[in-house]
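Below is one structure, written out as structure tokens, with a few remarks after it.
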Amino acid sequence: MTRLRTTSGRGTAVRVVTGIGALFAVIEVVYILMILLGANQGNGFFHFVKSLAEPLALFFPGLFSISNADMAVFVNYGLAAVFWLVVTGFIARLLR
């Protein structure tokens, strides 16, 4: 007789929280790459990604005043990406 493996509600919650954190971090990284690689800022996709990345960056944009605009985006939005991974990882660990 074969037993079906079922996942617990906690396991599912952990995967959802981890997935959300990864998604938020990916949005931030895509925005960073678009800025650093010189994407056309008049493009609709650029505006879409920017409209997602800016609110997810929370208080990080402007946290460090760096004269090089590309480096400022890299540092500030990169910190936001790391923040989402750390916070959702911590929440996932609490749910286990």
Side-chain angles (χ1 to χ4, degrees):
M1 180 172 185
T2 308
R3 291 183 60 187
L4 296 174
R5 289 185 104 180
T6 59
T7 58
S8 69
R10 280 188 182 189
T12 301
V14 167
R15 282 194 301 280
V16 167
V17 168
T18 304
I20 289 171
L23 176 65
F24 287 1
V26 165
I27 290 169
E28 297 296 341
V29 169
V30 168
Y31 181 67
I32 291 168
L33 289 174
M34 291 176 81
I35 293 292
L36 294 180
L37 297 174
N40 177 6
Q41 295 188 10
N43 184 286
F45 182 70
F46 179 87
H47 283 290
F48 173 71
V49 172
K50 182 178 178 181
S51 72
L52 296 175
E54 286 182 343
L56 290 175
L58 302 173
F59 52 84
F60 290 103
L63 184 62
F64 295 103
S65 56
I66 301 171
S67 60
N68 183 336
D70 288 346
M71 185 57 76
V73 168
F74 179 77
V75 169
N76 293 320
Y77 285 84
L79 284 173
V82 171
F83 168 81
W84 285 114
L85 292 174
V86 169
V87 167
T88 56
F90 178 73
I91 292 169
R93 187 169 294 219
L94 288 176
L95 292 174
R96 289 185 185 179

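Numbers for residues simply follow the sequence, beginning at 1.
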Inset, instruction - Step by step, work out the side-chain contact (heavy atoms from CB on, under 4.5 Å) result for Val14 and Arg93. - result: CA-CA 8 Å; Val14 167; Arg93 187 169 294 219; over 6 Å; no

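Placement of Ile32 and Leu37 in two distinct hydrophobic clusters is found when ILVMFWY residues are connected by side-chain heavy-atom separations under 4.5 Å, directly or transitively. The same ILVMFWY cluster, assembled from side-chain heavy atoms under 4.5 Å apart, contains both Leu58 and Phe64. Tracing side-chain contacts under 4.5 Å through hydrophobic residues (I, L, V, M, F, W, Y), one reaches Met34 starting from Leu52; they form part of the same cluster. The cluster map of Ile, Leu, Val, Met, Phe, Trp and Tyr, joined by side-chain heavy atoms under 4.5 Å apart, puts Phe60 and Tyr31 in the same cluster. Val26 and Leu33 are members of different hydrophobic clusters when ILVMFWY side chains are connected at heavy-atom separations under 4.5 Å.
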Ignoring hydrogens and angles, write down the donor-acceptor pairs under 3.5 Å from the side chains of residues 77-92, residues two or more places apart or on other chains.
unit_1 : atom_1 : unit_2 : atom_2 : d
Trp84  : NE1    : Leu56  : O      : 2.7
Thr88  : OG1    : Trp84  : O      : 2.6

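Side chains of Val73 and Leu36 form no contact here, defined as non-hydrogen atoms less than 4.5 Å apart.
With rounding to the nearest 0.5 angstrom, the CG atom of Asn43 is 8.5 Å from the CZ atom of Phe45. Here the straight-line distance linking atom CZ of Arg15 with atom CG of Leu95 works out to 12.0 Å at 0.5 Å rounding. Rounding to the nearest 0.5 Å places CD1 of Ile35 at 7.0 Å from NZ of Lys50.
The 12-atom threshold is exceeded at CZ of Phe59, counting heavy atoms of other residues, nucleotides or ligands nearer than 6.0 Å.
A distance-only check finds no donor-acceptor pair linking the side chain of Gln41 to the backbone of Phe46 [under 3.5 Å].
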